[in-house]
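Comments concern the structure below.
First the proteins, then the strands, lettered A, B, ... as listed; each starts at 1. Just so you know, these numbers come straight off a predicted model, no measurement behind them.
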Amino acid sequence: MRVRFAPSPTGYFHIGSARTALYNWLFARGRQGKFVLRIEDTDEVRSTVGSIKSIMKGLNYLGIDWDEGPAIVRDASGEDRLISKGEFGPYFQTLRKNFYNQWADKLLEKKKAYLCFCTKDELEDMRKKQIEKGERVGYDGRCRRLTPREREKFLSHGRTPVVRFAVPAGKRITFSDSIRGEISVNSEEISDFVILRANGTPMYNFACVVDDHMMKISDVIRGEDHISNTPKQILIYEALGWDIPNFAHLTMILDVDGRRLSKRKGARSLLEYEDDGFVREALVNYLALLGWGTKESQNIFDVGELVSKFSLGRCTSSSAIFDNQKLLWLNAQHIKKLSAAEIYRRSYRILKEAGLDVYPAEKVQAAISLEREKIKKLSDIPNLIGFMLAEKVEYDKDVLALGGDCAEVLKGLLKLMKNIEIFKSAEIEKEVRRFSKENNLKTKFVFHPLRWAVSGRSRGPSLFEMCEFMGREKVVERISVFLEKIEKGGRGELL
RNA sequence: GCCCUCAUCGUCUAACGGUUAGGACGCCAGGCUCUCAAUCUGGUAAUAGGGGUUCGAUUCCCCUUGAGGGCACCA
């Protein structure tokens with residue numbers, strides 16, 4: 001059992017491609033198959049090396065590894081270079097031209113393909129007329145029965161031909177899609193399509209079939225947008241006398257407006273999700289759920305579970321809308337399963353970029369522990385814990401306004417804090433509660449001001465743990481600073 | 001225009017032809033609580049429309065509508 005993920009390296013690596021890769025990978029890993037990565041870079045104008053690298057980086061991020069395909073090696077001069085690993089390589093289509101030529105010749109020989117000398121203008125003209133007359137658009141096969149003499153004439157005029165596949169007439173082409181069941185189309189609907197360009201490079205449908213055959217791909221799992229390519233490819237398989245693989249077509253992923261995911265709306269590079277603080281576990285889990293589900297509608301999976309439970313038969317056949325909310329929820333769920341040390345490790349870069357002091361690690365991890373259940377994305381962390389690590393507090397406006405009434409309470413707390421014997425959360429809590437009781441104050445009129453003074457905010461971690469974490473010195477200092485700030489406006493009427 | 005595919009709460013989805021149409025996200029209400037969260041409980045909300053087949057259709061068939069994809073010397 002062998003499957004492949006065959007992206008074209010144009011532009012960035014997006015969510016839809018990532019899901020296709022994931023499903024192929026899950027399928028292979030779940031049944032001791034091989035997962036092949038093949039780069040479909042026959043469009044020499046649009047393909048870029050940068051895009052190849054971002055695809056590989058994206059797969060790495062998701063934890064999707066491939067058994068055969070491109071690999072990066074560092075050569076003697078320290079340059080990164082792309083090479084192919086695996087026995088059926090190379091895995092870049094630009095490096096496989098000889099194969100395509102060879103098999104195209106075979107088709108030519110068998111008269112299942114022919115040379116076409118039509119110019120772009122002629123084709124455009126033909127197309128226009130077809131639309132005017134309301135006919136089917138597509139090549140009319142005019143070069144199919146060129147005499148040898150006519151062919152010579154074109155050649156001598158310097159016209160470089162393309163190779164077109166000769167689609168058999170009146171043939172019903174049927175295949176069984178593992179997700180959708182039987183799909184069938186009449187060959188009359190398919191016009192003779194180009195398999196080799198004038199410059200000798202192959203077109204997608206041809207390269208794809210040659211490679212899938214030569215790489216012994218048994219199951220082709222790809223996007224729905226390839227359904228209408230499948231009959232063409234089947235014709236090529238048949239013309240060459242090759243076995244036809246199984247096909248499975250995944251649904252499209254749509255944006256919130258129900259439109260195809262596009263750059264402008266919702267669709268982002270997979271790597272942006274990483275930068276934004278989504279963990280791979282969540283992305284993999286979410287992507288798996290977008291077009292597949294279990295009988296129990298289970299929501300949370302780890303990768304191992306997905307591998308063992310995934311099947312094509314339970315893939316959905318209607319397109320799905322990408323829902324950021326659910327992704328976010330899943331992200332929070334998976335982050336909760338990570339240890340503070342692991343969260344620290346994964347958010348290290350984000351913390352650093354946010355200007356946080358990331359050392360000592362234990363201290364930052366302890367801060368993370370205090371706020372971990374609030375983390376929805378790793379990028380939330382700086383805002384969540386930054387104030388605990390910072391030298392100076394920044395006070396929220398509403399906090400300063402509210403604090404005005406609490407000067408007396410805070411003066412009392414200041415004294416209290418200085419005198420607490422053991423500066424641990426349980427002890428602090430006990431003392432502060434006692435203080436409240438002694439002064440006949442409701443605890444909330446004590447707790448809140450303390451929080452405002454110490455954190456500058458009205459929301460944050462568990463109060464006493466936060467105090468313990470910051471330490472007596474910092475707590476005392478912050479209360480003093482806060483007192484100074486509110487002294488002018490404060491009425492102190494609570495005590 | 002022609003061809004292909006699809007159609008259950010707002011969203012992701014579940015339901016051998018027989019269920020009060022289930023779960024999850026979101027949203028709303030409440031519990032817990034030092035705030036915010038987390039968590040727990042409850043609530044909101046769906047079979048696109050019309051015809052068949054059947055004792056009985058979300059489920060099978062047809063039509064309509066809607067959505068998506070394809071019809072390149074793009075992939």
- prompt: Is there a donor-acceptor pair closer than 3.5 Å between any side-chain N or O of A:H334 and the backbone N or O of A:F301?
  reply: yes
- line: Checking B:C73, B:A75, B:A72 against the side chain of A:T42 (C-beta onward), the nearest is B:A75
message: Hydrogens and angles aside, do A:D211 and A:Y100 bring a side-chain donor and acceptor to less than 3.5 Å of each other?
response: yes
query: Which nucleotide sits closest to the side chain of A:F447: B:A75, B:C4, B:C34?
result: B:C34
message: Nearest to the A:K326 side chain among B:U5, B:A24, B:C34, which nucleotide is it?
response: B:A24
- prompt: Of the nucleotides B:A24, B:U35, B:G69, which one has an atom closest to the side chain of A:W329?
  reply: B:A24
task: For A:P7, report the nucleic acid contact type (base, sugar-phosphate, nothing); a contact means any heavy atom under 4.0 Å.
output: nothing
- request: Take the protein atom CZ of A:F175 and the nucleotide atom C1' of B:U5, then report the distance between them rounded to whole Å.
  value: 10 Å
message: Looking at A:V3, is its backbone amide N or carbonyl O close enough to the side chain of A:N24 to form a donor-acceptor pair, meaning the two atoms are under 3.5 Å apart?
response: no
task: With the side chain of A:K120 defined as its heavy atoms from C-beta on, choose the nearest nucleotide among B:C34, B:C73, B:A75.
output: B:C73
statement: Among B:A75, B:C34, B:U5, the one nearest any side-chain atom of A:H448 is B:C34
- request: Grab the CG-P distance between A:N331 and B:A38 for me, whole Å please.
  value: 14 Å
task: Could you tell me whether the phosphate oxygens of B:A38, OP1 or OP2, come under 4.0 Å of any side-chain nitrogen or oxygen in A:R372?
output: no
- prompt: Taking the six-membered ring for Trp, are A:F482 and A:Y395 parallel (under 30°), tilted (30 to 60°) or perpendicular (over 60°)?
  reply: tilted
- prompt: Rounded to whole angstroms, how far apart are CD on A:E373 and C1' on B:C34?
  reply: 14 Å
- request: Mind telling me whether A:F13 and A:F5 have parallel, tilted or perpendicular rings, with 30° and 60° as the class edges?
  value: tilted
message: Suppose you measure atom P in B:G23 against the same atom in B:G43; what distance do you get, rounded to whole Å?
response: 9 Å
message: When you measure from the side-chain N and O atoms of A:T316 to the phosphate of B:U13, is any distance below 4.0 Å, counting only OP1 and OP2?
response: yes
message: OP1 or OP2 of B:G69 versus the side-chain N and O atoms of A:R180: is any pair under 4.0 Å?
response: no
- prompt: Does the distance from a Lys or Arg side-chain N to an Asp or Glu carboxylate O, for A:R159 and A:E122, drop under 4.0 Å?
  reply: yes
- prompt: Closest to the A:N299 side chain: B:A7, B:G23, B:A24?
  reply: B:A24
query: Looking at B:A37, B:C4, B:A72, which one has an atom nearest to any side-chain atom of A:V194?
result: B:A72
- request: Side chain of A:E189 only, please: which of B:G22, B:U5, B:C3 is the nearest?
  value: B:C3
message: If we count only N and O atoms by modelled type, under 3.5 Å, do the side chains of A:D121 and A:T119 hold a donor and an acceptor together?
response: no
query: Is there a side-chain polar atom (N or O) of A:R433 under 4.0 Å from OP1 or OP2 of B:C34?
result: yes
Length of the line joining A:L123:CG and B:A72:C1', which is rounded to integer Å: 9 Å
- line: Testing B:U8, B:U5, B:A75 for proximity to the side chain of A:S318, the answer is B:U8
message: What is the distance, to the nearest angstrom, from the NZ atom on A:K232 to the P atom on B:C4?
response: 14 Å
task: With C1' as the reference atom in both, quote the distance from B:G70 to B:C63 in angstrom, rounded to an integer.
output: 24 Å
message: Check the phosphate of B:C73 against A:R164, side-chain N and O only, distance under 4.0 Å to OP1 or OP2. Yes or no?
response: yes
message: Nearest whole Å is fine: how far is B:G69 P from A:I253 CD1?
response: 13 Å
message: In this structure, how many angstroms lie between the C1' atom of B:A75 and the CZ atom of A:F92, rounded?
response: 17 Å
Nearest-nucleotide 5' precedence on RNA chain B, A:M203 against A:V137: A:V137
task: Output yes when at least one side-chain N/O atom of A:K295 is less than 4.0 Å from OP1 or OP2 of B:G22, else no.
output: no
